[in-house]
Protein chains: 2
Amino acid sequence: MKTLSERQQLILSFIEEFIEEHDYPPTVRDIQHGCGISSTSVVSYNLDRLKDSGALSRDSEVSRGLKLAGQKGGSSGPVSIDTVAVPLLGTIAAGSPFPMPENDTWSDLTGQELIDLPQAIIGTGDGLYALKVRGESMIDALICDGDLVIMEQTSTVRNGQMAAVRIKSDNSTTLKHYYAEGPRTRLEPANPLMEAMTFNSDDVEVLSRVVGVWRYLG
Amino acid sequence: MKTLSERQQLILSFIEEFIEEHDYPPTVRDIQHGCGISSTSVVSYNLDRLKDSGALSRDSEVSRGLKLAGQKGGSSGPVSIDTVAVPLLGTIAAGSPFPMPENDTWSDLTGQELIDLPQAIIGTGDGLYALKVRGESMIDALICDGDLVIMEQTSTVRNGQMAAVRIKSDNSTTLKHYYAEGPRTRLEPANPLMEAMTFNSDDVEVLSRVVGVWRYLG
DNA sequence: ATAATTTCCGAACATTAGTGCGGATATAAT
DNA sequence: ATTATATCCGCACTAATGTTCGGAAATTAT
């Protein structure tokens, strides 16, 4: 049996993910653009090759007439270790109020979406929660749309740590590196190309500490 | 909530059986003939009613763009908290050569530092490796010093995915969103405030795909 | 090198398939 | 009955989508 070309494997994995996302197969043109192929005929050609090799079946003259043959291969044998489940409490977006765990929220986590993180890198996971970032409002913090921010609810952070802080006079909330310097508090964006700002310490309220950021590019 | 008409229930069950048989949803006309309806517009009308009632979702202007509400992904088993161990191969810094897994590196992982990541968000973990970022040379990619970049060794990525690409004429390597557009290839920084650049496709070599970024602020 | 084969390209082309519209028909409310 | 609402009918229109074809380019075999 002929081995699949790189492009054919790419197409195959694209189809798989497309179905995973949409619950229906892609069109020839979906594949074309998704895989950066210049012509629909090339897609059609490779689909026929894939059909020949038995990797999929194809209904002629039917839009989205694709069916993967070798569905999900059984997962090999992932090593099981301890993980910590962290509740996904909501999303942050520019302007929207900053979601915070509340007393009853903690006790009633039923139905909450949970994010599993390895204990090895997270620690005990006590008091941790996750927020999903919406929009590009946190570019300054090197955080973009879709990122998952892991936070620890605390009102005290050490200098240099990143925290969700509220500027009372603005009633705005941002993620910044925190530096208490006596009566003044300096907030420094993660992006070193951007300028820091200082406020009266009274004006700055620490909401949570940022423990980690997870960006998944599937 | 309105109760479904007989015809709507018929359509619903037809869609269900059709998907069962073909693995892709029917067209409006498939439904028309399958349910003995005289006009496509009647089908379209009832599909909209079914959408209103939440029985299914419909992608506009998309052939077979149907998804039954009660169906979601594959088998929903018990949530496993398995993790996958990913080898930490080295560090990336500005100017330094981009570390890549080599043949013997793969076979001899003894003593390699391993990073555990949840299988739930990483997948099988096949062909994955991790690199630690040194320095601020990747600010454009919203990646900063200390970040852990999870990569998959592949030379083919789909449009829109982020990848480690080498510009041959520069002999430089960066992380960019990749868009193959025929003879030209567009590389787009993750930071939407920055401009994209295009190169001759010959001049661009894909080294690895970026699967995820983990930033730990302990 | 030369020829054979595979793969790719671009541009039509032809069918498939979703949508819109005027009007008919039924069903329910007033 | 009369109005309102929901459903249906055909038909035409347009967008979506699979296919074809001549030729170029890359790969492999002789």
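Convention: sequence-line order gives letters A, B, ...; per-chain numbering from 1. All heavy atoms count here, side chains included; hydrogens, waters and symmetry mates do not.
Of all heavy-atom pairs spanning B:Val206 and B:Tyr178, the tightest one is CG2-CE1, 3.5 Å. Of all non-hydrogen atoms in B:Pro25 and A:Tyr24, the two that sit nearest each other are CD-CB, 3.3 Å. Nearest heavy atom pair, residue A:Val211 against residue B:Tyr216, reads O-CD1, 3.4 Å.
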- Go through A:Asp48 and A:Lys51 one step at a time and tell me if the salt bridge (charged side-chain N to carboxylate O under 4.0 Å, His left out) criterion holds. CA-CA 5 Å; A:Asp48 283 338; A:Lys51 180 182 177 178; 5.8 Å; no

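Listed by chain and residue number, B:Ser63, B:Arg64 satisfy the side chain to side chain donor-acceptor pair (under 3.5 Å) test with A:Ser63 (two or more places apart in sequence, or in another chain). Applying the side chain to side chain donor-acceptor pair (under 3.5 Å) test to A:Ser38 and every residue at least two apart in sequence or in another chain returns nothing. Legend: residues meeting side chain to side chain donor-acceptor pair (under 3.5 Å) with B:Glu205, ordered by chain and number and at least two apart, are B:Arg166.
To the nearest 0.5 Å, atoms CZ (A:Arg49) and CG (A:Leu56) are separated by 11.5 Å. In this structure, CZ on B:Arg158 lies 11.0 Å from CD1 on A:Ile31, to the nearest 0.5 angstrom. Atom CD1 of residue A:Ile167 and atom NZ of residue A:Lys176 lie 7.0 Å apart, to the nearest 0.5 angstrom.
Taking 4.0 angstrom as the limit, A:Asn46 places a side-chain polar atom (N or O) nearer than this to OP1 or OP2 of C:dC8. Between B:Tyr45 and D:dT7, a side-chain N or O to OP1/OP2 separation shorter than 4.0 Å is present.
A:Leu47 has its CG atom 13 Å from the P atom of C:dT7, to the nearest Å. Going from atom CG of B:Leu66 over to atom P of C:dG18 covers 8 Å, rounded to whole Å. As rounded to whole Å, 13 Å separates atom P of D:dT19 from atom CZ of A:Arg49. For B:Ile31 and C:dT16, the CD1 to C1' distance is 15 Å, given to the nearest whole Å.
A salt bridge between B:Lys168 and B:Asp203 is absent, with no side-chain N of the basic residue lying under 4.0 Å from a carboxylate O of the acidic one.
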Look for any protein N or O under 3.5 Å of an N or O in nucleotides 23-27 of chain D and output each such pair with its distance, or none.
none

Shorter than 3.5 Å, N or O on both sides, protein versus nucleotides 24-29 of chain C: list them out with atom names.
none

- Note on the structure: Each nucleotide of nucleotides 10-18 of chain D classed B (base within 4.0 Å of a protein heavy atom), S (only sugar-phosphate) or -, in 5' to 3' order, makes BB---SSBB

